[in-house]
Amino acid sequence: MKTKEYNIIVDKHADGLYRFILGNIRDEFKAQDIVQDSFERLWINHDSVEFDKAKSFLFKIAYNRMIDVIRHDKRTNSQSEIFERVDDITDFRQAELREIINNALTKLSEIQRSVVLLRDYEGYTYEEIAQITDLSEAQVKVYIFRARQHLKNYLGKFEEVIK
Amino acid sequence: MKEKINIKNYEAWWVDYLDGKLSQSDEEKLFDFLELNPEISTTLIDSDDYKLPDLDVKYPNKSILKAENNIDYLLIAKVENQINQEDNLFISEKINTKPEVANDYKLYQKAVATPDRNIVFKGKKYLKKKEAIPLYKYVSIAAVFAAVFTIGYLLTNNVQNFDEGEAPQISFFSIPFNHNIDTVNRKDEILFRQSDNYNNTLFVANSTEKEQELNNEILSKIDVPEKLPLNQICKLKNHEMSNDKQLLAYQVSKMPEENVAFEYELQYIKSPKENKFKSTISKVYDFGKEIDLAGSFDRLKMAKEDLFITMNE
């Protein structure tokens, strides 16, 4: 991948990657760090990464980095604080559907949340998600199925709001 | 070759016999062995003895496996656009006839995360990398040489204020007008030309495909260990170049507007005492019809700053 192509990847995917990470960890600064680290890794490897594979490469790096951060946060107990902050929202009637979905996402397991966001935000196929997350395609399907059920059940509580 | 039958392996021979895997000669060996060891033959079971009986057992919860009981799965498959035609007909019929299924389907449709496009990564410009400096696409060699000669002349008059004992010197120099323009324009390759006067190399690429390669080549050869004194590179004043402007205008007027170009070569001498050329950098600009040397030098300075920042990163 040439420098010019690398810069195109920055333009095309930095926002999407940032939203994906932010959707998972809900911490702007950490999300920015992860995005920055991931692009740095992509740049270091840009000679060996083909342009059309760069996005998957980037998301895989970012995903792994995010998992590291989540694990680290769990050890330091800061992860629960992040999610509790989201739970503070009480007036769901005023909240928009996206906000409800975002809340619902926080109820999912990390892996369920990741696969759903990769699927919904970036439109990745099951196969691509499997490559990024190092899961089998069958596992991805199961996680997405369970995640959708959780999200649907969560939304069901606010049926009046989202009608 | 099969191991010779003995008291330790006769069972394996017998199983092979039952499975029909023994050759005629091995069968004979097996039965010879059994005749010699009649007490063993009574312990062997025949094939009829180890057939499993037919079981008349049915899976008790088969009904829950039916599509009727996998509505959620089919709804999700439909939302995910992963449903086959038969299942789609089945679930669509359910959605149309059963309000609770229709409601679930609506929830599943809404249970899709959508990104907030207002959230953007603000540091994109810091992620980007500077591209290698392109050489030129449509260059007029005559204009290039004229410009280089002019600038070399102008700058030579401005570097004399440097401390010749220690300070690095930056100067432009003229390139001997001995290049074969036709050759350069025709050949799709990188041409390396040796300058007679300065033991320096002019790099020329005449295709976009070669630009990157050439720039990599040039940058890989550059060995500038220190930051160059940018404030001393260009000290031209407008009034000093009026005549040269005419010269350039004359040279350029024969070229199509979009082809007007300008190239310089930078010669870096770490210290005059060492008398050692450290690098040669080529750069081309397209200017348009009028060439404004003062403005050009500003761009030149910016280009050098970019380049040195890149090299020092």
Side-chain angles (χ1 to χ4, degrees), chain A residues 2-11 13-23 28 31-32 35-36 38-40 42-43 46 96-102 104-105 108 113 116-122 125-126 141 144-156 158-159 162-163, chain B residues 69-83 87 91 95 99-134 208-216 219-220 306-307 310-311 313:
Chain A
K2 294 175 181 173
T3 307
K4 189 175 182 182
E5 292 173 324
Y6 166 84
N7 287 338
I8 290 172
I9 295 292
V10 172
D11 276 333
H13 301 306
D15 292 337
L17 184 67
Y18 179 57
R19 285 192 284 260
F20 166 65
I21 301 296
L22 196 59
E28 285 181 29
Q32 285 167 12
V35 171
Q36 202 167 336
S38 304
F39 272 100
E40 204 53 48
L42 177 63
W43 172 249
H46 79 282
E96 294 178 351
L97 177 61
R98 184 182 288 128
E99 203 51 43
I100 297 175
I101 296 274
N102 285 341
L105 286 168
L108 300 178
R113 188 165 50 246
V116 161
L117 289 180
L118 285 169
R119 179 88 176 142
D120 290 352
Y121 278 18
E122 295 300 317
T125 64
Y126 296 146
K141 286 179 185 173
I144 286 181
F145 176 81
R146 289 177 186 165
R148 293 261 183 258
Q149 273 193 316
H150 282 299
L151 292 175
K152 170 243 176 186
N153 291 337
Y154 188 87
L155 285 186
F158 310 102
E159 220 167 331
I162 61 174
K163 264 182 181 173
Chain B
N69 297 293
N70 281 292
I71 297 293
D72 272 2
Y73 173 83
L74 293 175
L75 288 175
I76 292 171
K78 189 172 172 64
V79 169
E80 288 275 314
N81 206 17
Q82 301 287 322
I83 196 166
D87 288 344
I91 198 66
I95 291 169
E100 68 274 17
V101 176
N103 190 50
D104 280 355
Y105 180 55
K106 196 186 288 180
L107 284 172
Y108 275 123
Q109 282 180 308
K110 290 179 184 294
V112 173
T114 52
D116 182 354
R117 307 257 173 220
N118 293 321
I119 297 174
V120 294
F121 186 74
K122 291 175 182 168
K124 275 205 284 287
K125 67 177 178 181
Y126 300 110
L127 296 177
K128 291 186 178 178
K129 304 293 177 186
K130 288 191 184 297
E131 292 175 36
I133 298 168
T208 51
E209 290 78 17
K210 293 291 178 187
E211 283 179 12
Q212 183 72 37
E213 187 182 340
L214 178 55
N215 278 302
N216 290 340
L219 290 172
S220 69
D306 284 350
L307 180 62
T310 303
M311 289 193 299
E313 271 179 354

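Below, read A as the first sequence line, B as the second, and so on, with proteins coming before strands; counting in each chain starts at 1. All values reported here derive from a predicted model rather than from experimental measurement.
In this structure, chain B has no heavy atom under 4.5 Å from any part of A:F20. Contact annotation for A:F39: only side-chain heavy atoms (C-beta onward) come within less than 4.5 Å of a heavy atom of chain B. In this structure, chain B has a heavy atom under 4.5 Å from the side chain of A:L22, while its backbone stays farther away. Heavy-atom distances place both the backbone and the side chain of B:L127 under 4.5 Å from chain A. Contacts between A:E40 and chain B at a heavy-atom distance below 4.5 Å involve the side chain alone, from C-beta outward. Neither the backbone nor the side chain of B:Q109 comes within contact range of chain A; no heavy atom of the residue lies under 4.5 Å from a heavy atom of that chain.
For A:Y121, there are no ring pair (Phe, Tyr, Trp, His ring centres under 6.0 Å) partners at least two apart in sequence or on another chain. Legend: residues meeting ring pair (Phe, Tyr, Trp, His ring centres under 6.0 Å) with A:Y6, ordered by chain and number and at least two apart, are A:W43.
Of all heavy-atom pairs spanning A:L105 and B:A113, the tightest one is CD1-CB, 4.1 Å. Nearest heavy atom pair, residue B:I119 against residue A:Y18, reads CG2-CE2, 3.5 Å. The two residues A:Y126 and B:Q82 come nearest to each other via the heavy atoms OH-CG, 3.4 Å. Across all non-hydrogen atoms, the minimal contact from B:D72 to A:Q149 is OD2-NE2, 3.1 Å. Pairing each heavy atom of B:L107 with each of A:K152, the nearest pair is CB-CG, 3.6 Å.
For the set A:D120, A:I9, A:N153, A:L17, the count of heavy-atom pairs under 4.5 angstrom toward chain B peaks at A:D120.
The CD1 atom of B:I76 sits 13.5 Å away from atom NZ of A:K141, with the distance rounded to the nearest 0.5 Å. Taking CG from A:D15 and CG from B:N118, the interatomic distance works out to 10.5 Å, rounded to the nearest 0.5 Å.
A donor-acceptor contact shorter than 3.5 Å is absent between the side chain of A:R148 and the backbone of B:L75.
A:R119 has a carboxylate O that lies under 4.0 Å from a charged side-chain N of B:E80, or vice versa, which qualifies the two as a salt bridge.
Heavy atoms from other residues, nucleotides or ligands lying under 6.0 Å from CD of A:E28 number 12 at most.
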